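So that the names make sense, note that chain A is the first sequence line, chain B the second, and so on, each numbered from 1. If you're wondering where the values come from, they're calculated on a predicted model, not measured in any experiment.
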2 protein chains.
Amino acid sequence: MLAEIHEKLNTFLKGKGLRSTPQRNAIIDIIFESDDHFTADELWERIRKTNSKASRATVYRTLGLLVEANLLYEIDLGEDTKTYDPNFNDKPAHNHLICIDCGKVLEFEDNHLELLNDCLTRRMGFRPKSQSIRIEANCEELRTKGCCQNLIQARIAGKRLPKKR
Amino acid sequence: MLAEIHEKLNTFLKGKGLRSTPQRNAIIDIIFESDDHFTADELWERIRKTNSKASRATVYRTLGLLVEANLLYEIDLGEDTKTYDPNFNDKPAHNHLICIDCGKVLEFEDNHLELLNDCLTRRMGFRPKSQSIRIEANCEELRTKGCCQNLIQARIAGKRLPKKR
DNA sequence: CTACCTGCAAATAGTTTGCAGAATA
DNA sequence: TATTCTGCAAACTATTTGCAGGTAG
């Protein structure tokens, strides 16, 4: 998996006359060791905890490259910071459900949804390129049971919770 | 229409012990004289061209209030600036089609889409609160005819075009 | 050796905030 | 009169960029 990604990036770099460097490789390893979403700053923090090192500037520059190479997808979670999504399958759809209670993000897919969007787009006179759906919702578990695992976990991890709306 | 909005805001303000001021009223008048999307800065520019006046700080502060009062909706168009959408009907769905060629934004609605999203959300164990769909697409007119009215208009108006991807 | 890459610090863009004086209820 | 508002400028946050020295090919 990781080897595949390194190869894909190397092909991309070569095609552009760019180089493979220890920093770039370290950044990729850390990003793709999990498939979680992350922000530039979170990534930088994770890197500085390893024995590899890369400056903030390099992190930002590399993120730009990865997005350009389609190895990473930039998503909007309604915060003021960009969030990145490791994007393994070149899917044209990026659908997210965001829990208003705990900030948990779920990705989902549905063929009907994609087909319907596709039709609507064509009816409006356009050729669909990519689609992303963002659903904000309340946790049913929290509502019925009064507590929710995600929320508890988030509090333990000290994550900032969604600002109340 | 405008009167209705002013009333809605006044109710909101009273409920919070806040005040009605000339700046706030001027900002509302300018926002709701059209139903176009806008950024904070565009709004500020439009205001300074009138005989009313309000500082950038006040514009930002008022935008915050309007969003809180549900008279305005904050949308993400993939740019680095927040965009606001006058939101007349308290619709829970905010769906946008963005033309990659000219940056034109179309709003659309579809009951099937909303229903489908609603079902998917519940199946995942959540109660839907709001949904927004963002479709990026190419202009069919541009592709087949080699030019597109929106693009021409955008160039004339000197708008910044979408960065190529 | 040459062009690209990195790290630093300074620059930028968009937005927020503290404060003193002005205005509303 | 007691708060709340406003405008200004300074602060802030996330991100980008210029530059001098380091490194891959």
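B:Asp85 places no side-chain N or O within 3.5 Å of a backbone atom of B:Ile75 that could act as its donor or acceptor partner. With B:Asp118 contributing its side chain and B:Glu114 its backbone, the two residues share no donor-acceptor pair below 3.5 Å.
An OP1 or OP2 oxygen of D:dG7 is reached within less than 4.0 angstrom by a side-chain nitrogen or oxygen of B:Gln23. Proximity of B:Thr58 to the phosphate of D:dG7: a side-chain N or O atom is located under 4.0 Å from OP1 or OP2. Phosphate proximity of C:dT15 to B:Tyr60: present, with a side-chain N or O under 4.0 Å from OP1 or OP2.
The side chain of A:Ala57 has C:dG7 as its nearest neighbour among C:dT15, D:dT15, C:dG7.
Annotation: of the two residues near DNA chain C, B:Arg56 and B:Thr21, the 5′-most nearest-nucleotide partner is B:Arg56. Each of A:Ala54 and B:Ser20 was matched to the nucleotide of DNA chain C holding its nearest heavy atom; the match closer to the 5' end belongs to A:Ala54.
Atom pair A:Lys16:NZ and D:dG25:C1' shows a separation of 19 Å (rounding to whole Å applied). Summarising the geometry, the separation between NZ on A:Lys14 and C1' on D:dG25 is reported as 11 Å, rounded to the nearest angstrom. Rounding to whole angstrom units, CZ of residue A:Arg24 and C1' of D:dT23 are separated by 12 Å. The CD atom of B:Glu42 sits 16 Å away from the P atom of C:dA13 (whole-angstrom rounding). Going from atom CG of A:Leu63 over to atom P of D:dT15 covers 9 Å, rounded to whole Å. One can place CG of A:Leu18 at 14 Å from C1' of C:dT6, the figure rounded to the nearest angstrom. In this structure, B:Asp41 atom CG and C:dT12 atom P are separated by 17 Å, rounded to whole Å. Rounding to whole angstrom units, CD of residue A:Glu68 and P of D:dT16 are separated by 13 Å.
Counting distance only, with no hydrogens placed and no angle test, the side-chain atoms of B:Arg19 and the base atoms of D:dT3 include a donor-acceptor pair under 3.5 Å.
Heavy atoms only, all atoms of each residue included: B:Leu113 and B:Gln131 are closest at O-OE1, 4.2 Å.
From A:Lys8, atom NZ reaches atom CD1 of A:Ile5 across 8.0 Å, with rounding to the nearest 0.5 Å. Interatomic distance, B:Arg127 CZ to A:Thr144 OG1, rounded to the nearest 0.5 Å: 9.5 Å.
Base contact: B:Arg61 has a heavy atom under 4.0 Å from a base atom. Counting any heavy atom pair closer than 4.0 Å across all strands shown, A:Lys53 reaches sugar-phosphate atoms only and no base atom.
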